[in-house]
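Below is one structure, written out as structure tokens; comments come after it.
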Protein chains: 4
Amino acid sequence: MAYQKTEKVKKKIENKKESIIKVAKEVLANESYSAISIKSIAKKAGIATGTFYLYFSNKEKLVETIVDEMYAKLLDSIKKERAKHEQVIDKLQASMEATIRLFAKEQHLAKILLVQIPSFNHAFNRKLDEIEKELIKLTLADLKELTDQGMLPKQDIQISAMAFVGSFRQVMISWLREGEPKNIEEAYQTLIQYNLRGLGKS
Amino acid sequence: MAYQKTEKVKKKIENKKESIIKVAKEVLANESYSAISIKSIAKKAGIATGTFYLYFSNKEKLVETIVDEMYAKLLDSIKKERAKHEQVIDKLQASMEATIRLFAKEQHLAKILLVQIPSFNHAFNRKLDEIEKELIKLTLADLKELTDQGMLPKQDIQISAMAFVGSFRQVMISWLREGEPKNIEEAYQTLIQYNLRGLGKS
Amino acid sequence: MAYQKTEKVKKKIENKKESIIKVAKEVLANESYSAISIKSIAKKAGIATGTFYLYFSNKEKLVETIVDEMYAKLLDSIKKERAKHEQVIDKLQASMEATIRLFAKEQHLAKILLVQIPSFNHAFNRKLDEIEKELIKLTLADLKELTDQGMLPKQDIQISAMAFVGSFRQVMISWLREGEPKNIEEAYQTLIQYNLRGLGKS
Amino acid sequence: MAYQKTEKVKKKIENKKESIIKVAKEVLANESYSAISIKSIAKKAGIATGTFYLYFSNKEKLVETIVDEMYAKLLDSIKKERAKHEQVIDKLQASMEATIRLFAKEQHLAKILLVQIPSFNHAFNRKLDEIEKELIKLTLADLKELTDQGMLPKQDIQISAMAFVGSFRQVMISWLREGEPKNIEEAYQTLIQYNLRGLGKS
DNA sequence: TATGAATGAGCCTTCATTCAT
DNA sequence: GATGAATGAAGGCTCATTCAT
């Protein structure tokens with residue numbers, strides 16, 4: 001009689017939202033932000049334009065949702081990987097390893113985060129900046145601890161942290177855009193070595 | 001006499017084109033891409049919208065022209081600085097120093113190249129990628145030579161070159177966007193040290 | 001038994017229909033037409049949007065129903081008040097008095113009829129026009145009788161009837177919208193006097 | 001050479017704005033507000049949708065322009081007619097006569113002001129209310145003066161002014177909507193007589 | 001009956017580009 | 001060359017109505 005919002009229905013709704021997000025991710029990974037019209041996303045998701053607005057209050061909210069989700073995934077990934085280690089230096093490596101692993105596994109995510117979002121409008125860029133800044137902050141904390149432990153020579157660790165993250169970012173982007181290096185996991189070894197040396201790690 | 005006139009006219013045209021570019025640069029450095037309408041640029045340049053199209057076939061061409069010009073300026077700057085040195089390692093440093101000096105002196109240029117253009121649409125990003133790739137290529141060449149001279153330990157210099165450039169890029173962007181580090185020239189010293197150590201320079 | 005059930009069901013339906021109408025009246029009296037969405041009315045009535053269409057074939061029908069109901073109430077009120085009097089002139093006064101009394105007592109109704117509906121689309125206004133025309137017709141009939149009784153000087157009673165109703169309408173609206181006159185019942189006395197004089201009632 | 005904004009061009013522009021207004025008036029006089037889409041107006045005016053926005057910043061501005069223009073016209077008409085008379089009572093009559101004459105001559109205007117605008121959105125209704133209130137205020141001023149001159153018996157002239165204006169309004173609307181009375185100028189005589197009697201003018 | 005997710009036509013508005021003057 | 005009015009496709013979003021459950 002009455003319309004019971006059963007588990008099944010709920011799941012279906014969640015699925016639809018997920019399917020919109022999924023389609024949007026695909027579009028985002030390949031087209032520019034301006035190319036993402038609600039109409040086109042709706043079409044690819046097999047729904048009417050109006051239906052989109054049942055799940056997202058507006059276009060911006062959709063991208064925000066996606067970025068937030070990716071950010072959460074990334075931080076979660078890093079946290080888990082770091083937990084496996086005791087030493088700060090290992091934790092630092094773990095952070096980068098987790099990042100690279102995640103991006104390597106989910107290129108969609110990587111492409112959106114590193115390649116596409118930067119070409120979005122200011123609002124999203126600010127969002128992305130936060131993510132980047134967060135990564136640098138995490139790195140900085142590690143560097144600070146290493147410095148306190150006397151494992152790093154005196155240096156401007158603020159700059160070092162940026163350099164550290166920046167070097168990884170550059171390689172990841174090249175890998176995503178040019179497919180070079182071919183094997184990102186191998187490159188990771190070189191990168192770690194480069195940066196540890198750069199830090200003057202003794 | 002007829003020839004004279006042509007020269008004069010040519011100069012006049014060149015002047016107007018320059019003035020459009022100048023205005024566009026100012027706008028580009030301060031507004032978001034979506035805010036850059038041909039109408040507004042034309043207005044600021046003191047011409048009619050239609051007139052714009054006498055000098056640029058379309059909006060994209062304008063940005064392309066600007067980026068190309070900046071690119072040329074950057075490469076020129078690097079070339080000149082490198083010429084002052086004999087040793088490859090010094091040339092490598094000179095490249096980075098030239099880049100940072102130029103960006104520090106012309107923040108307009110830096111902001112457009114590092115902050116604004118990346119948030120444009122695909123077409124412009126491709127252009128920007130080329131510049132980034134060129135810088136990496138230049139670096140790579142230096143690393144190769146240093147390797148041949150036995151001054152660097154065995155490593156994947158392709159990756160190292162990216163890491164090298166990426167670390168600089170990251171710091172520059174932070175400087176442009178956050179104003180951190182406050183003194184980019186000082187940061188440069190740290191960066192050079194970081195990267196030379198990272199390369200394992202003996 | 002089966003019959004009983006039907007009665008009960010019918011009543012239930014009628015109840016729900018009534019509750020929708022009640023909510024709609026409240027909304028109508030306070031919001032602008034564009035603010036009256038079926039979704040919002042349904043929500044306030046505690047039903048689903050789809051359910052609304054079980055009771056009204058469309059949005060227009062709802063307003064029509066409300067207007068009709070109000071119209072009936074108004075006419076009924078007038079009829080009852082008129083029945084109390086013998087003289088035509090008293091009946092005429094009674095009509096206006098009944099109208100004003102009803103509107104004063106049920107401002108909801110007055111606001112919808114005089115303020116809101118006029119700002120709806122054509123369809124509803126036509127409905128409202130009918131009501132206005134009916135009031136004029138009633139007035140006209142009285143004036144005709146008064147003329148036949150020789151109580152009014154020769155005049156175009158068609159026009160007089162309109163003037164009569166129009167003067168009341170104007171004051172009512174001001175009262176509803178501006179709260180001026182403060183006391184509508186007092187104003188009524190002035191209005192009656194004005195119009196009786198206007199008619200040249202001897 | 002340069003594009004001279006000659007008088008001719010200016011006039012042409014003004015003409016286009018006028019032609020948009022003219023079309024809009026026609027549409028307004030016959031369709032409901034919601035039926036006025038920019039697209040349809042543009043089409044009827046023989047221009048592209050975008051062109052509309054060269055002359056009006058948005059849809060609302062268009063209607064505002066029209067209403068303001070009509071209001072100005074009406075007040076101007078009244079002022080001119082009043083100026084011809086010395087006695088207040090004549091000025092009062094002149095006001096009404098001017099209004100009726102204008103509406104009779106420009107039925108478009110009358111229909112929009114009396115029939116259509118009331119069914120527009122709140123913003124315009126407020127505008128219209130102002131016009132109505134202004135007319136009442138003008139009437140009130142006359143009544144006050146007449147009272148001071150001892151030409152009117154004691155009465156609530158606030159109410160009388162409303163009744164006065166309301167009676168005219170009602171007749172005008174019937175004339176516009178039903179075509180009844182057939183001859184509005186004749187009806188005017190009846191109306192004036194009715195209202196002067198109503199005021200108790202001695 | 002009751003539900004509320006789904007629909008999609010249609011709205012207003014913007015802006016790169018064209019073209020008559 | 002220069003002008004700027006004109007174009008019209010395309011975008012984001014709303015809401016009365018439908019329909020599978």
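Each chain gets a letter, A, B and so on, in the order its sequence line appears, and its residues count up from 1.
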Whole angstrom is fine here: how far is it from CZ in A/Phe56 over to C1' in F/dG12?
-> 16 Å
What residues, two or more places apart in sequence or in another chain, satisfy side chain to side chain contact (heavy atoms under 4.5 Å, CB included) together with B/Ala29?
-> B/His108, B/Ile112
Minimum-distance pair of heavy atoms, taken over all atoms of D/Ala24 and D/Ile66 = CB-CD1, 3.7 Å
C/Ile41 CD1 to F/dT17 C1', straight-line distance once rounded to whole Å | 14 Å
Interatomic distance, CG@A/Leu114 vs CG@A/Leu176, rounded to 0.5 Å, equals 6.0 Å
Over its full length, what angle do the end axes of the helix from E/dA2-F/dT21 to E/dT21-F/dA2 make, each axis taken from five pairs and the result rounded to 10 degrees?
-> 20°
When the distance from NZ of D/Lys43 to C1' of F/dT7 is rounded to whole Å, what number comes out?
-> 16 Å
Between A/Leu54 and C/Leu54, whichever has its closest DNA chain E nucleotide further toward 5' is C/Leu54
Distance check: side-chain N/O of D/Lys16 vs OP1/OP2 of F/dA6, anything under 4.0 Å?
-> yes
Could you pull out all residues at least two apart from A/Asp129 that satisfy side chain to side chain contact (heavy atoms under 4.5 Å, CB included)?
-> B/Arg177
Protein-proximity profile, nucleotides 8-15 of chain E, B/S/- by nucleotide at the 4.0 Å heavy-atom cutoff, equals BB-SSBB-
Could you tell me which residues satisfy salt bridge (Lys or Arg N to Asp or Glu O under 4.0 Å) with C/Glu130, sequence neighbours excluded, listed by chain and number?
-> none
A/Tyr55 OH to E/dG4 C1', straight-line distance once rounded to whole Å | 10 Å
Report the distance from atom CG of B/Asn15 to atom P of F/dA2, rounded to the nearest whole Å.
-> 12 Å
Return the value, rounded to whole Å, for the distance between atom CD1 of B/Ile20 and atom C1' of F/dA2.
-> 12 Å
Under 3.5 Å, which donor-acceptor pairs link side chains of residues 35-44 of chain C to any protein atom two or more places apart or in another chain?
unit_1: C/Ser37; atom_1: OG; unit_2: C/Ser40; atom_2: N; d: 3.1
unit_1: C/Ser37; atom_1: OG; unit_2: C/Ser40; atom_2: OG; d: 3.4
unit_1: C/Ser40; atom_1: OG; unit_2: C/Ser37; atom_2: O; d: 3.0

Between D/Gly46 and B/Gly46, name the one whose nearest nucleotide on DNA chain F is closer to the 5' end.
-> B/Gly46
With sequence neighbours left out, write down each residue that passes salt bridge (Lys or Arg N to Asp or Glu O under 4.0 Å) with D/Glu26, or none if nothing qualifies.
-> none
Please name all residues satisfying side-chain hydrogen bond (donor to acceptor under 3.5 Å, both in side chains) with A/Lys111, sequence neighbours left out, ordered by chain then number.
-> none
With sequence neighbours left out, write down each residue that passes ring-ring contact (aromatic ring centres under 6.0 Å, His included) with B/Phe56, or none if nothing qualifies.
-> B/Phe52
